[in-house]
Amino acid sequence: MRRPLILNGFMATGKSTVGALVARTTGRPFIDLDRAIESEAGSIENLFATRGEAAFRALEQACLERVLNEATRAAHAPVIALGGGALLSREIRLRALDECVVVTLEGSPAELTRRALRQGQRPLLSGPNPEQRVTELLALRAPSYAEAHARISCENPLETVAAQVREVWARDELAVGAAEASYGVQTGVGFASGRIGALVAKSPVCVLVSDKTVSALHAAPIEDALRATGAQLIRVDLEPGEAHKNIASIEGIWHAALEGGADRKATFVGLGGGVVTDMTGFAASTWLRGVRWIGIPTTLLAMVDASVGGKTGVDLASAKNAVGAFWQPQGVLCDVHYLSTESARGFISGLAEVVKTALIGDPGLFTLLEDNAERVVARDADLTAEIVRRSIRVKARIVSFDQRESGLRAVLNLGHTVGHALEAQAGYSALTHGEAVSLGLVAALRLGEALGQTPHELSERTLTLLRRLGLPASLAGQPLAEAATLVGHDKKRAGSNVNFVFARALGRVETQSIALSELRTRVLALAE
Ligand SMILES: NC(=O)c1ccc[n+]([C@@H]2O[C@H](COP(=O)([O-])OP(=O)(O)OC[C@H]3O[C@@H](n4cnc5c(N)ncnc54)[C@H](O)[C@@H]3O)[C@@H](O)[C@H]2O)c1
Ligand SMILES: [Zn+2]
C-alpha cells in the first residue's frame, strides 16, 4: 500500500465509516476531507447556505490539493474519504487516479436517498422529490465516479466493503481514466493466470485469442483458469506475425465466436504480442457491436505501448493499422514472466519505447535504466516489472487526459516521425519498430540540437543509454535521403507543416509545428 487510498462516491455511501475502518485495520492515518474543510471554514451546511455551491467547491478543491500534496509524500500513505463532489473536476480526478488508489463506493438511488435523509439535512437534497434528485445527480456524475481503480457496492455489510476496499488498495493497480470505459492495468511477475478468473467473472463464454507461438508456450495456465470459472472456452490460435494482422484473421475470430455461441456477455481475452492484442480488441469491438475484452500482453512492446490507449485494429494491405476502433479493455494483465521467452531482438526493441517514455515523462525511469542497463538487458524480473509499471504509468497519464488523440497524446510520437520513415523505407522488415524508433529518437535529438531545442548533453546521454541497451544509435549508413522523402508522406499539401516532438530536458518534451520542407532538409543534413 504505497499510494494513498481515496474513497470517492455519492453522499451517504459510507465513505467516512468505511475509510475509518480501513485506516484502523491497516494502521494508517485517516483524513476526512469534509472534516478538514470544516475545521478551516466552519460547517459545510453553513458554507453552502451563505456562499453557494461554487464557492464551496473552490474551497474543497484547494483543501484537497493540500491534502494530496502531503499524503503523497507521507511515509505511511493515509486513507482519505472525500465529499461526494470533490473529484468532479477532471484535472484533480486524474491527478488522484495517477498518484493514489481511488475506490468509488456505489449504491442504488433508493438506498442512498434513504440513508441521506436518515442522516439529516443534506443541502443538495432539499427539493420536493429527493430520490428523483439523487437519480439525476448520479446520472450526471456517473462518468466521474467511474474513473476509479474500482467501484464497490456500499450495500453489503461494512466489514465486507472494507475488506474489498483493502484488497483493491493492496493490489495497487494503474488506472486509465476513460469515463465509464475506465480500466486497470496490473503489473507484476507470474500473477496473470491467478488473476484472470476474477476479471472474466460471470462471463458464460470466453474467447481466448492467441497466436501459435505464444499459445504453445503460455496458453495452458490461462486456459485452465478460464475453464475453472465455469465459462465455456473458445480457442483461436492465429498465425503469428504482422503479415496476419488483417481482416481475414478477424473473420476467423468472428466465426469461432459464432460457432461457439458467444453472446453479448462473452469476454474476449487476447494473449500475445501487440498483433494479437490489437486484433482481439478489434474483434471484441465489432462482435455483436461490442463485447468486453481483456489484454494479456506477452511482449515488452505490447505491455508498455499497446496495453494502454484503447487503440485496436488491423492492417489493410500495406496500410498499417488503417482499419480499427477505440475500444477500451475491461482490464490488462502485464505479467513480465512471459517476457522470459520473448526473442532478444523483440525485447530489446521494446526498450526503445521505454527510453522514449522516460524522456517524455519520467526522469527517474531514465536514471533507473542508466544505473541498471546490464540487468535490464538480462531481463531481471523485478526490475523489468518496475520498468513496465513506470512506462505504463506515463502513458496512462497522457492518454487519460487525451482519450481520442486530440493533441496532448501527440507527445508519444517522440522519435516516431523519422522512425516511421526509416521503418517504411526498410519495408517493415530490415528494422523492427523499436529499432526504427531508436534511430528516430537519435534523429529527433540531433534535430532538436540543430534547432536549439535540445541540449547536447541530453542527446549524448540518451545515445549512450540506447547503445548500452543494445539498440542502434548511429544514423551513419541509414537511408536518410529516402527517409526524408517519406517523412510526413501522409501530408499531401505542398508546404504543409508537421508537428514535431522535441526533447527539451529529461522528462520534458515540446511539440512544435515545423515546415515539412525544412524538416526534410534537416533530416538530410543528419547524414553529414
Ligand atoms: N494498440 C496500440 O496502441 C499499439 C501500440 C504499439 C504497437 N501496436 C501494435 O503491436 C504490434 C507489434 O507488437 P509486437 O512487437 O508485440 O508483435 P507480435 O505480436 O507480432 O509479436 C512478435 C513475435 O513474438 C512472438 N511472441 C510474442 N510473445 C512472445 C513470448 N512471450 N515468447 C515468445 N514469443 C513471443 C509472436 O508470436 C510474434 O511472432 C504492431 O502490429 C503494432 O501496430 C499497437
Ligand atoms: Zn512506437
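When a ligand or atom number is given, it counts from 1 through the structure's own listing order. In this chain, residues are counted from 1 in sequence order. Not measured: the values here are computed from a predicted model.
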Numbering as shown, the atoms of ligand 1 that approach Asp278 to under 4.0 Å (heavy-atom distance): 1 (N), 2 (C), 8 (N), 9 (C), 43 (O), 44 (C)
Backbone or side-chain N or O of Thr312 under 3.5 Å from ligand 1 N or O: no
Val308 N/O under 3.5 Å from ligand 1 N/O: no
Under 3.5 Å side-chain donor-acceptor pair for Glu173 and Gln186: yes
Distance-only polar pair, side chains of Gln512 and Gln453, donor-acceptor under 3.5 Å: yes
Candidate list Asp362, Thr357, Thr187, test side-chain hydrogen bond (donor to acceptor under 3.5 Å, both in side chains), partner Arg390, passing option: Asp362
Pair Trp327-Thr286, side-chain donor/acceptor within less than 3.5 Å: no
Ligand 1 versus Pro240: contacting region, heavy-atom distance under 4.0 Å: side chain
N, O or S from Glu353 under 2.8 Å to the Zn ion (ligand 2): yes
Vertex the Zn ion (ligand 2), arms to His433 NE2 and His416 NE2, rounded to 10°: 100°
Atom 9 (C) of ligand 1 protein-contacted, heavy-atom criterion under 4.0 angstrom: yes
Distance filter under 4.0 Å to Asp211 heavy atoms, resulting ligand 1 atoms: 36 (C), 37 (O)
Arg292 to Phe268 six-membered ring, cation-pi geometry met (6.0 Å, 45°): no
Gly273 neighbourhood, listing ligand 1 atoms whose heavy-atom distance to it stays under 4.0 Å: 16 (O), 19 (O)
Protein heavy atom at shortest distance from atom 40 (C) of ligand 1: Glu242 OE1, 3.2 Å
Side chain, backbone, both or neither: the part of Leu301 lying under 4.0 Å from ligand 1 by heavy atom: side chain
Nitrogen or oxygen of Ser343 less than 3.5 angstrom from that of ligand 1: no
Under 3.5 Å side-chain donor-acceptor pair for Glu449 and His456: yes
Residue, atom name and distance, where the atom is the protein heavy atom closest to atom 18 (P) of ligand 1: Val275 CG2, 3.8 Å
Flag for Asp237-Ser215: side-chain donor and acceptor within less than 3.5 Å: yes
For atom 3 (O) of ligand 1, closest protein heavy-atom neighbour: Ala306 CA, 3.8 Å
More than 12 heavy atoms of other groups within 6.0 Å of Glu91 CD: no
Location of contacts on Leu217 toward ligand 1, heavy atoms closer than 4.0 Å: side chain
Heavy atom of the protein closest to atom 42 (C) of ligand 1 (residue, atom name, distance): Lys245 NZ, 3.7 Å
Location of contacts on Asn321 toward ligand 1, heavy atoms closer than 4.0 Å: side chain
Atom 32 (N) of ligand 1 [closest protein heavy-atom partner, distance rounded to 0.1 Å]: Thr341 OG1, 2.7 Å
Nearest-0.5 Å distance that lies between atom CG in Asn8 and atom OG in Ser144: 6.5 Å
Closest protein heavy atom (residue, atom, distance) for atom 28 (N) of ligand 1: Thr298 OG1, 2.8 Å
Whether His337 and His218 hold their rings parallel, tilted or perpendicular, with breakpoints at 30° and 60°: perpendicular
Residue, atom name and distance, where the atom is the protein heavy atom closest to atom 24 (O) of ligand 1: Thr299 CG2, 4.4 Å
Donor-acceptor pair between Thr267 and Ser203 side chains, under 3.5 angstrom: yes
Aromatic plane relationship, Phe502 with Phe500 - under 30° parallel, 30 to 60° tilted, over 60° perpendicular: tilted
Distance from atom 26 (N) of ligand 1 to nearest protein heavy atom, with residue and atom: Val214 CG2, 3.6 Å
Side chain, backbone, both or neither: His218 near ligand 1, heavy atoms under 4.0 Å: side chain
Step-by-step side chain to side chain contact (heavy atoms under 4.5 Å, CB included) determination, Leu208 to Leu233: CA-CA 7 Å; Leu208 175 59; Leu233 189 66; 4.1 Å; yes
contact_flag Glu353 ligand 1 heavy-atom lt 4.0 Å: no
From Ile196, Val209, Val214, residue fulfilling side chain to side chain contact (heavy atoms under 4.5 Å, CB included) relative to Leu271: Val214
